[in-house]
Amino acid sequence: MRTKDFLNKLDHDRIVAAIRAAEAKTSGQVRVYIQRGELDDDALDHAQKKFHKLGMQATKERNGVLIFVVPRARKFAVIGDEGVHQKCGDQFWQQLVERMRVHFQDENFTDALVEAIEEVGKILARHFPKTTAAQNQLPDEIVEG
């Protein structure tokens with residue numbers, strides 16, 4: 001699917017609202033990145049590189065999460081920084097990705113992203129609750145590149 005078509009099918013406002021709602025309960029940070037063009041390699045490898053390029057490892061508690069999507073290649077990955085990963089483990093990520101995959105196969109792209117953001121938000125709130133000192137460290141908008 002062309003990236004432009006994918007982006008046109010997204011409800012950007014709903015996705016940004018989900019990010020803001022998730023982050024309202026946690027010091028964790030969630031970002032959605034839509035990669036333009038083809039991707040012959042593994043999406044997880046590219047997501048890890050993009051995670052660092054976006055500075056997501058710089059969160060105070062190492063609790064950033066990146067949802068990385070490459071529409072043209074029909075690939076995606078979800079990356080959690082070491083603080084998050086230590087709390088939730090591999091099984092959480094595998095289940096999250098599988099639920100997203102079902103939505104993507106049905107072309108329910110917004111639902112896939114919103115549900116993933118909500119689930120990530122729940123685990124972040126459980127392990128990294130919002131404190132009065134917590135502030136939004138990263139932009140909430142969908143990033144395109």
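Proximity of I34 to V143: side-chain heavy atoms (C-beta onward) are nowhere separated by under 4.5 Å. I15 has its side chain out of reach of D11: every pair of non-hydrogen atoms, C-beta onward, lies at least 4.5 Å apart. Side-chain atoms of M100 and E115, non-hydrogen and from C-beta on, never get closer than 4.5 Å to each other. With a 4.5 Å cut-off on side-chain heavy atoms, L113 and V69 count as touching. Looking at heavy atoms from C-beta onward, I67 lies out of side-chain contact with R31 at the 4.5 angstrom threshold. Side-chain contact between I79 and V65: absent, with no pair of heavy atoms (C-beta onward) separated by less than 4.5 Å.
In terms of modelled atom types and a separation under 3.5 Å, the side chain of E23 and the main chain of V30 share a donor-acceptor contact. A donor-acceptor pair under 3.5 Å links the side-chain atoms of H12 to the main chain of L7, judged by distance alone. When atom types are taken as modelled, the side chain of T26 and the backbone of K130 share no donor-acceptor pair closer than 3.5 angstrom.
Residues passing the side-chain hydrogen bond (donor to acceptor under 3.5 Å, both in side chains) test with K9, sequence neighbours excluded: E107. Residues forming a side-chain contact (heavy atoms from CB on, under 4.5 Å) with Q105 (at least two apart in sequence, or on another chain): R101. Legend: residues meeting side-chain contact (heavy atoms from CB on, under 4.5 Å) with H127, ordered by chain and number and at least two apart, are K87, I123. For the side-chain contact (heavy atoms from CB on, under 4.5 Å) test, residues two or more places apart in sequence or in another chain that qualify with D5 are M1, R2. With sequence neighbours left out, the salt bridge (Lys or Arg N to Asp or Glu O under 4.0 Å) criterion links R126 to no other residue. Partners of H85 by side-chain hydrogen bond (donor to acceptor under 3.5 Å, both in side chains), not counting sequence neighbours, listed by chain and number: D90, W93. The ring pair (Phe, Tyr, Trp, His ring centres under 6.0 Å) check on F109 picks up F6, F104, with sequence neighbours excluded. For the side-chain hydrogen bond (donor to acceptor under 3.5 Å, both in side chains) test, residues two or more places apart in sequence or in another chain that qualify with E119 are K122. Applying the side-chain contact (heavy atoms from CB on, under 4.5 Å) rule to N8 yields the partners K4; only residues at least two apart in sequence or on another chain are considered.
Pairs engaging residues 71-82 under the side chain to side chain donor-acceptor pair (under 3.5 Å) rule: R62-D81 [sequence neighbours left out]. Annotation: ring pair (Phe, Tyr, Trp, His ring centres under 6.0 Å) contacts involving residues 27-57, sequence neighbours excluded, comprise Y33-F68. Residue pairs that meet the salt bridge (charged side-chain N to carboxylate O under 4.0 Å, His left out) test with at least one member in residues 40-51, sequence neighbours left out, do not exist here.
The heavy-atom pair separating V114 from A18 by the smallest distance is CG1-CB, 4.1 Å. Minimum heavy-atom separation, A77 to A47: CB-CB, 3.9 Å. A pairwise comparison of heavy atoms in L124 and G28 identifies CD1-CA, 4.1 Å as the closest pair. The minimum heavy-atom distance between P71 and Q35, with the atom names listed, is CD-O, 3.5 Å. Here the closest heavy-atom approach between residue L39 and residue A73 is recorded as O-CB, 3.7 Å.
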**Study point:** L66 and L54: CA distance, side-chain angles, deciding distance, side chain to side chain contact (heavy atoms under 4.5 Å, CB included) verdict
**Key:** CA-CA 9 Å; L66 175 65; L54 292 170; 4.1 Å; yes
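Side-chain atoms of T59 and Q29 form no donor-acceptor pair, as typed in the model, at a separation below 3.5 Å.
Of the charged side-chain nitrogens involved, none lies within less than 4.0 Å of a carboxylate oxygen, so that D111 and R99 do not count as a salt-bridged pair.
Distance check: R14 CZ to I117 CD1 gives 9.5 Å after rounding to the nearest 0.5 Å. The OG1 atom of T110 sits 11.0 Å away from the NE2 atom of H103 when rounded to the nearest 0.5 Å.
Counting heavy atoms of neighbouring residues, nucleotides and ligands inside a 6.0 Å radius, atom CD of E38 exceeds 12 of them.
No continuous path of hydrophobic side-chain contacts links L10 to V16 [ILVMFWY only; heavy atoms under 4.5 Å].
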